[in-house]
Amino acid sequence: MTSERRKSYPFDEIEPKWQAVWEERQLFHAPNPGEKSFDPAKRKFYILDMFPYPSGAGLHVGHPEGYTATDIVARYKRMRGFNVLHPMGWDAFGLPAEQYAIKSGQHPAVTTRENVAKFKRQLKRIGFSYDWQREINTTDPGYYKWTQWIFLQIYNSWFNPETKRSEPISTYRGTDPDSVRLAYVADVPVNWCPELGTVLANEEVVDGKSEVGGFPVVRRPMRQWMLRITAYAERLLDELDKLDWPQGIKLLQRNWIGRSEGAEIDFKIDKSDQEIRVFTTRPDTLYGGTFLVLAPEHSLVDLIVTEEQWPAVREYRERTARKSELERVDLSKEKTGVFTGAYAINPGNNEKIPIWIADYVLVGYGTGAIGGVPAHDERDLEFATKFNLPIVVVVQPTGDEPAIGFTGEGIAVNSPIINGLTSAEAKKNIAAWLEERGLGKRAINYKLRDWLFSRQRYWGEPFPIIWENGKHRSLGENELPVVPPPLDDFKPTGTGEPPLAKAKEWVRYSDKALRETNTMPQWAGSCWYYLRFCDPHNHQRFVGEEAERYWTNGDKPGSVDLYVGGTEHAVLHLLYARFWHKVLFDLGYLSKPEPFQRLVNQGIILGEDNQKMSKSRGNIVNPDDVIDQYGADAFRCYEMFMGPLEQMKPWSMRGVEGVARFLARVWRLMMTENQAGQWELSPAVQDVDLSKAQRKILHATIKKVTEDIESLSFNTAISQMMIFVNAFIPQRGTEAIPLAAMQTFLVLLNPFAPHLSSELWENLKLTGEITAQSWPSYDEKFLVEDEVEIVIQVNGKVRDRMKMSIQASEEEIKKATLALAKIQELTAGKQIRKTIVVPKKLVNIVI
RNA sequence: GCCGAUGUGGCGAAAUGGCAGACGCAACGGACUUAAAAUCCGUUGGGCCGUAAGAGGCCCGUGCCGGUUCGAGUCCGGCCAUCGGCACCA
């Protein structure tokens, strides 16, 4: 029976004991400059986890995967003499927390407090070496005061296109500062999620559904707060290059920002003095433009549509507006559209071309209008075919593929001023030609949209903004934090009016002014939390200057040295945080232009059935259960032993058991059970010299574990420690176990299994705290042997092997090889064409 | 459709262009035990030859096809499959 099974070692006593010791002695507190234990000679290392949303479900085994990896590195770096900043906190505002509160019928402040306590208890049980003195919670007024303060910096800034930097709004010389602020109000079509009762950012909508909860999202025009992240599109793209991030994540951000280079061209409208501006990446195909298409929402539609086409156009626009986002982007459906009755003039050949509206043209991208070039664009071709519009070939492929439908680069034809040029040359020439005549200009477009920053939710930071006479203005710094009113009914209203509007008293700021009732999105708090960790108790500033400079300043552009977390934030948190960071950097508050220097994504942990863990599949593994049965050290080591950190991999309880057995072997290597059933130090552990073989394996282990921690290859580091232990287990039960080897080994094991190694360290009566030891170094000279085995191949196949001195010359090795009976047999009567000798390794005879 | 990652035993995996499968799991056999648990020892990619013997030997094998190389899991080209992301972005 499981319950009666003997524990292989007393982890259930050891682990709480050491956790209490660490807490009591505050061993993992990282002192700031100015604190008395601060040592200016130490180099800093800032290693950060993505802090969790404390959901009601508690931790799952995916959270501690990254956390264990960073904890190992943090403990290792401390022993390497670094002052290590390794903090933890709670991203507690936002939809998941609020949804849970609504479901459980409790106030989010209450559920948040409970959930945080639960998460913290679970994390502490795993023995992470966080500096808990730096714990932060985004829902704490002392924290969100500064989130609001940063919003004010953004609100009171504008992006100066001359300097390509944000500057205080006071440097703006135009007439309407509100039109250039980095935070502004706009009446735009937004993603409205009726089920959640709020609008969502583009990044929070996946396949037409809300990322949280998976509810349908519709387009609906609403007045909302926006952040001008598009101003930073170029810098967000360019400055990605210098970051040590996985290529995949960089690519996701690049694609999301979506830069494309081309030209804007103005088309005159026939019998009107209006013009339509289109954006194209292929100005070289201008002569092939046989129609124009406007987005149905395009503002010029009203002005150009003819009387007889009005009913059809209106009907089409209404139909489009009713469509969900999902229907609209459904690629399998046929193209639709309606003729406006109006014509434009193609500035290339002065031909009259019809103007249509169609929902395949998006109002939000480029100019919301395109020139239809059916011969060289798939979508335009489909549209032209359906509505019988003319198709004119203007690019000749250099291969033998058909010219109609050819979207690649070729040679310009039927295009008087650029005929015969390659597409690349033609693009340049046409752009220059257009610019000369004032018909267009070179242009760059980004897919990135401004960030929709307001939510109609209760559980978020209120905006530090008030409205007076229909105009917004910021509160003063001394009025922060703006604390939300206590509301019993905090549920979304469903109408789009924020719940905060229900608190009439609170909303009334003065006789004339009302408070803004929208709240900030979940991402606001996580946009800068890594900065607050540097100086979490500062009441004067969002982060003290000296603390910021000390913890974030290195020789790279990024502030945090190593950031570990899931890939799901690629275009959300990781993009938003870069944006805020750059604004604060421009305004002179920060030392470095980027938040995160090195980013590592841990892989998803699947259930034992190889499926994604989910409640409905019933394959969720709870860390508490694992720790109850095998202990925190086994849990940590298994999380790391499963496979490479960044890889997706399935959980296996058997695997945990295997790692637990390894830790038990470590324990019994040094401990033995006496008659009374108590563990005591094994008499085999003695102060004896290491054998040559033992010394070799010890140094090989130091080397491997050190290199593997540096490269985050924790699985192979653990393998090596297993090899070490297997080699030191007495074979005949009589050999002594060298104390010095155990001492070094325990230091190596400490980052992985901190409780077990601490307990053994104490039992061996070694001096000082194990956490205060310096990391062992290895000596290459102990790794080499006098003799090595050399593999003998014939035509690349292993046929024999022999021992040779490592000093043996190539000639000697060759001679010895040819003297081998087996080789003589195989080469008898044959001509040896070539002999390759790789010293200390292998000989290959080619016959 | 486009972009990216991955493909190695029954399973998780390991391998600076140089002995494929380290380490661990599972399985099988054994020791200890009245028995079990725990622990320890041994075997374990597939096929074939072979011996008194589990000595020894041969062939095949890292998704598929080809190439470079004395030598390829690793490098190059082309395909296939799985997973992830983006997706009417002009």
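Keep in mind that the numbers below use all heavy atoms, side chains included, and drop hydrogens, waters and symmetry copies. Letters A, B, ... are given to chains in the order of the sequence lines, protein chains preceding strands, and every chain is numbered from 1.
Under the 3.5 Å distance criterion, with hydrogens and angles disregarded, a donor-acceptor pair is assigned to the side chains of A/T701 and A/Q720. A donor atom on one side chain and an acceptor atom on the other are not found under 3.5 Å apart for A/D359 and A/T320. Checking A/D380 against A/Y360 by side-chain atom types alone, a donor-acceptor pair falls below 3.5 Å.
Ring centroids of A/F724 and A/F745 are separated by less than 6.0 Å, placing the two rings close together. Between A/W679 and A/Y9, a ring centre-to-centre spacing not shorter than 6.0 Å is recorded.
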Any N/O pairs under 3.5 Å between the protein and nucleotides 20-26 of chain B? List them or say none.
{"from": "B/A22", "atom 1": "N1", "to": "A/S719", "atom 2": "OG", "distance (Å)": "3.3"}
{"from": "B/G24", "atom 1": "OP1", "to": "A/N726", "atom 2": "ND2", "distance (Å)": "3.0"}
{"from": "B/C25", "atom 1": "OP1", "to": "A/R661", "atom 2": "NE", "distance (Å)": "3.1"}
{"from": "B/C25", "atom 1": "OP1", "to": "A/R661", "atom 2": "NH2", "distance (Å)": "3.0"}
{"from": "B/A26", "atom 1": "OP2", "to": "A/R661", "atom 2": "NH2", "distance (Å)": "3.2"}

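Each of A/L448 and A/G248 lies near RNA chain B, and the nucleotide nearest A/G248 is the one positioned closer to the 5' end. Along RNA chain B, the nucleotide nearest to A/E789 and the one nearest to A/L252 differ in position, and the one closer to the 5' end is contacted by A/E789.
Using a 4.0 Å heavy-atom cutoff across all strands shown, A/V373 reaches no nucleic acid atom at all. Looking at heavy-atom distances under 4.0 Å, A/I836 makes contact with a base. Residue A/T835 is classed as having no contact, given no heavy-atom separation below 4.0 Å to the nucleic acid. In this structure, A/R259 reaches neither bases nor backbone, as no heavy-atom distance under 4.0 Å exists between it and the strands shown.
Going from atom CZ of A/F662 over to atom C1' of B/U39 covers 17 Å, rounded to whole Å. Taking atom CD1 on A/I257 and atom P on B/G85, their separation rounds to 19 Å, with Å as the unit. Distance A/D609 CG to B/C11 P: 16 Å, rounded to the nearest Å. The separation between A/L381 atom CG and B/G1 atom C1' is 15 Å, rounded to whole Å. In this structure, A/K250 places its NZ atom 20 Å from C1' of B/G84, rounding to the nearest Å. Here B/G12 presents its P atom at 13 Å from CE of A/M648, a figure rounded to the nearest Å.
Sparse packing is recorded around NZ of A/K612, with 12 or fewer heavy atoms of other residues, nucleotides or ligands lying under 6.0 Å away.
Note that A/K335 lies outside the cation-pi zone of A/F383, set by a 6.0 Å cut-off to the ring centre and a 45° limit from the axis.
If you take atom P in B/A52 and the same atom in B/G67, they sit 45 Å apart, rounded to whole Å. The same atom, P, is picked in B/G66 and in B/C83; the two are 28 Å apart, to the nearest Å.
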**Item:** Secondary structure of RNA chain B in dot-bracket form (Watson-Crick or G-U wobble, distances below 3.5 Å, | marking inter-strand pairs)
**Value:** (((((((..(((.....[....))).(((((.......))))).(((((......)))))..(((((..]....))))))))))))....
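The side chain of A/K797 contributes an N or O atom lying less than 4.0 Å from OP1 or OP2 of B/C60.
Contact annotation: side chain of A/K335 to base of B/C88, donor-acceptor pair present below 3.5 Å.
With respect to the salt-bridge test (charged N to carboxylate O, under 4.0 angstrom), the residues A/R668 and A/E673 do not qualify.
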**Item:** Worked check of side-chain contact (heavy atoms from CB on, under 4.5 Å) between A/L292 and A/I370
**Value:** CA-CA 6 Å; A/L292 283 192; A/I370 61 157; over 6 Å; no
**Request:** Report the C-alpha separation of A/T68 and A/F752 in whole Å, then their side-chain angles, then the decisive distance to 0.1 Å, and conclude whether the side-chain contact (heavy atoms from CB on, under 4.5 Å) test is met.
**Result:** CA-CA 8 Å; A/T68 305; A/F752 297 81; over 6 Å; no
